[in-house]
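Letters A, B, ... are given to chains in the order of the sequence lines, protein chains preceding strands, and every chain is numbered from 1.
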Amino acid sequence: MLDINFIRQHPEKVSLMLEQRQQGEDIAKLNQLLDFDKERRELIKQSDDLKALRNKVSKDIAVIKRSGQGSADDLIQQMKEVADTIAGLDEQLKQLAVDIEEILLSLPNKLHDDVPVGASADENVVWKEKMDFQHDLDFKLSNHLDLGRKLGILDFERGAKITGAGFPLYKGKGARLERALINFMLDVQTGQNGYTEVMPPLFVNQDSLRGTGQWPKFADQVYYMNEDNLYAIPTAEVPVTNMHRNEILDAGELPLCYAASTPCFRREAGSYGKDTRGFLRVHQFNKVELVRYSEPEHSYEALEQILANAESILHALEIPYRVLLLCSGDISANATKCYDIEVWAPAEEQFLEASSCSNFEDYQARRASIRYRPKDGSKPAFVHTLNGSGLATSRLMVALLENYQTPEGTIRVPEALQPYTGFSLID
RNA sequence: GGAGGAUUAGCAUAAUUGGUAAUGCAGCAGUCUUGAAAACUGCCGGCUUUACGGCCUUGGGGGUUCGAGUCCCUCAUCCUCCGCCA
């Protein structure tokens with residue numbers, strides 16, 4: 001969330017940001033917030049003054065009682081009334097704090113100056129294209145659904161029977177290929193790119209969702225287990241960024257770089273009917289997630305590094321892709337700046353999002369209270385958090401199958417993966 | 001699932017029948033020193049205030065009270081034991 005002090009001092013910057021994010025209607029909420037904040041500060045002053053009086057008189061009462069001389073009854077009677085007044089003020093303050101918190105949690109992050117202003121995804125900027133990987137595709141192409149079915153490696157029908165639509169079942173060489181991809185990506189990120197591997201819980205509590213920003217805004221996108229009041233993770237970002245919730249880190253520990261492979265669960269409510277075939281949109285998929293905790297002054301270098309780390313996978317697998325710099329109207333509410341990596345699926349004839357690399361600055365750190373001491377003995381300051389997929393396997397699998405298919409309907413395995421699969425051809 | 005115990009600042013330890021959080025270590029700054037150590041002084045949870053000061057803070061939430069680390073309720077986590085279990 002944003003710093004209430006920043007909002008109070010620069011309300012015009014916040015409303016400009018809301019307009020650029022196509023959320024101009026939220027400016028009313030902003031004004032409401034400022035009113036609440038003003039009222040709250042006035043009430044705090046009143047309440048604090050009365051508390052100071054009460055503390056002082058309570059000490060006097062203690063002195064009288066201890067000495068055994070004189071009666072404190074009058075003072076106690078007065079303080080009863082003061083206590084009632086305080087209780088009334090604090091009741092109002094409590095409600096105001098709730099109202100303020102609700103608005104604060106719902107306001108999106110600042111935007112970085114690099115972010116192009118635009119109304120929708122159409123105005124995202126193509127930042128980079130890397131299409132020059134050579135695949136001989138001069139024949140009638142099959143899409144990943146047909147390839148998966150013919151080769152017996154993907155079975156969406158049975159996945160649907162077991163659970164429901166959007167829960168894929170991998171079989172034989174398909175399952176092995178998926179496992180190879182995950183292991184390969186983890187090895188690259190932990191070996192060459194310097195990340196520490198973590199294997200986090202797959203269910204999280206509500207505090208964790210709030211910490212990373214999925215709660216309250218995107219609560220309807222997360223699977224919820226009512227009996228135990230837990231949520232299935234929509235991305236490893238949630239458990240891994242919450243590892244250090246309510247902690248004060250030493251400056252020497254930063255940057256912290258974590259890589260985690262987990263399944264991700266998403267309800268995708270409201271998106272039925274669009275690109276739902278096969279892997280294009282699923283409720284469960286696997287992803288290697290990269291998470292960094294950075295000192296504020298280095299977080300934009302860290303963002304470029306995460307992007308490069310994610311790209312390194314596609315270079316090794318020789319899969320064509322492009323990088324988008326998201327515009328103000330398309331970037332997620334939590335991020336100040338975000339790159340999307342889209343892989344090219346030649347049979348679908350479209351780019352598919354396989355990674356999103358974002359800087360959140362102190363937006364999540366403030367929600368989750370993740371701080372560090374810039375120097376020994378100095379005041380704690382919020383860290384910057386970042387993450388990027390490196391990468392999501394579902395869309396990557398589509399691009400891999402479609403780019404590596406042969407005229408015979410078989411799939412070649414990229415050289416980098418062969419040590420992991422143990423075979424070089426899926427037939 | 002059941003029984004008992006525990007939770008105080010980065011760490012470790014105190015706090016009369018309820019009287020308003022004490023101390024040590026570590027850390028930071030300074031004095032001293034060629035430099036360092038030692039010693040000494042100050043700082044050493046959060047918010048607020050130009051400042052003086054004020055308020056809040058004993059795992060979270062609630063209650064009793066003029067006043068709660070202390071009494072009551074509730075939740076969480078950890079430890080010990082019993083039961084169940086891959």
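- Pairs engaging residues 176-194 of chain A under the salt bridge (charged side-chain N to carboxylate O under 4.0 Å, His left out) rule: none recorded [sequence neighbours left out].
- Within the structure, salt bridge (charged side-chain N to carboxylate O under 4.0 Å, His left out) contacts touching residues 198-220 of chain A (residues at least two apart or in different chains) are D207(A)-R210(A).
- Y223(A) meets the ring pair (Phe, Tyr, Trp, His ring centres under 6.0 Å) test with no other residue; sequence neighbours excluded.
- Nucleotides rU8(B) and rA22(B) have their C1' atoms positioned 11 Å apart, rounded to a whole Å.
- Straight-line distance from the CG atom of D48(A) to the P atom of rG53(B): 16 Å, rounded to whole Å.
- Between W127(A) and Y339(A), the angle of the ring planes lies from 30° to 60°, which puts this pair in the tilted group.
- Distance, M79(A) CE to rG67(B) P: 10 Å, rounded to whole Å.
- With sequence neighbours left out, F167(A) forms a ring pair (Phe, Tyr, Trp, His ring centres under 6.0 Å) with H283(A).
- When the P atom is used for both rC47(B) and rU33(B), the distance is 39 Å, rounded to whole Å.
- Heavy atoms of other residues, nucleotides or ligands lying less than 6.0 angstrom from CE of M225(A) number more than 12.
- Aromatic rings of F279(A) and F156(A) (six-membered ring for Trp) have centroids within the 6.0 Å cut-off, being under it.
- In secondary-structure terms, RNA chain B builds stems of at least 3 consecutive Watson-Crick or G-U pairs, each pair having both distances under 3.5 Å, at B:1-7 with B:76-82, B:10-12 with B:23-25, B:27-31 with B:39-43, B:45-48 with B:53-56, B:59-63 with B:71-75.
- Comparing rU48(B) with rC71(B), their P atoms sit 34 Å apart, to the nearest whole Å.
- Each of P380(A) and K51(A) has a nearest nucleotide on RNA chain B; the 5'-most of these lies closest to P380(A).
- Within 6.0 Å of CD in E102(A) there are 12 or fewer heavy atoms belonging to other residues, nucleotides or ligands.
- Look at CG on N5(A): it is 10 Å from C1' on rC47(B), rounded to the nearest Å.
- Rounded to a whole angstrom, the distance from the P atom of rA15(B) to that of rU64(B) is 29 Å.
- Atom CD of E253(A) and atom C1' of rG10(B) are 12 Å apart (whole Å).
- For E42(A) and rU48(B), the CD to P distance is 16 Å, given to the nearest whole Å.
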Nucleotide N/O of nucleotides 71-79 of chain B paired with protein N/O under 3.5 Å:
none

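- Within 6.0 Å of CD on E123(A) lie more than 12 heavy atoms contributed by other residues, nucleotides or ligands.
- In this structure, the ring of H315(A) has its center less than 6.0 angstrom from the ring center of Y321(A).
- Separation of the P atoms belonging to rU20(B) and rC56(B) is 15 Å when rounded to the nearest angstrom.
- Annotation: rU74(B) and rG2(B) have their P atoms spaced 13 Å apart (nearest Å).
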Nucleotides 60-64 of chain B: which of its N/O atoms have a protein N/O under 3.5 Å away?
residue	atom	partner	partner atom	Å
rG62(B)	OP1	K94(A)	NZ	3.3

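- In this structure, R41(A) reaches the rU49(B) phosphate: one of its side-chain N or O atoms is under 4.0 Å from OP1 or OP2.
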N/O to N/O distances under 3.5 Å, protein versus nucleotides 14-21 of chain B:
residue	atom	partner	partner atom	Å
rG19(B)	O2'	R66(A)	NH1	2.7
rG19(B)	N2	S58(A)	O	3.4
rU20(B)	O4	S58(A)	OG	3.1

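- Residue pairs meeting the salt bridge (charged side-chain N to carboxylate O under 4.0 Å, His left out) criterion with at least one partner in residues 83-95 of chain A, sequence neighbours excluded, are K51(A)-D90(A).
- With rounding to whole Å, F382(A) atom CZ is found 11 Å from rG46(B) atom P.
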Evaluate the criterion side chain to side chain donor-acceptor pair (under 3.5 Å) for residue pair N309(A) and S312(A); output intermediate values, then yes/no.
CA-CA 5 Å; N309(A) 298 150; S312(A) 70; 5.4 Å; no
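- Rounded to an integer number of Å, the gap from CG of L249(A) to C1' of rG10(B) is 12 Å.
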Under 3.5 Å, which donor-acceptor pairs link side chains of residues 32-42 of chain A to any protein atom two or more places apart or in another chain?
residue	atom	partner	partner atom	Å
D37(A)	OD1	R8(A)	NH2	3.2
D37(A)	OD2	R8(A)	NE	2.6
D37(A)	OD2	R8(A)	NH2	3.3

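- One atom, NZ of K45(A), and another, P of rU49(B), lie 11 Å apart when rounded to the nearest Å.
- For Y300(A), the ring pair (Phe, Tyr, Trp, His ring centres under 6.0 Å) criterion is met by H112(A), not counting sequence neighbours.
- For E237(A), the salt bridge (charged side-chain N to carboxylate O under 4.0 Å, His left out) test picks out no residue, with sequence neighbours left out.
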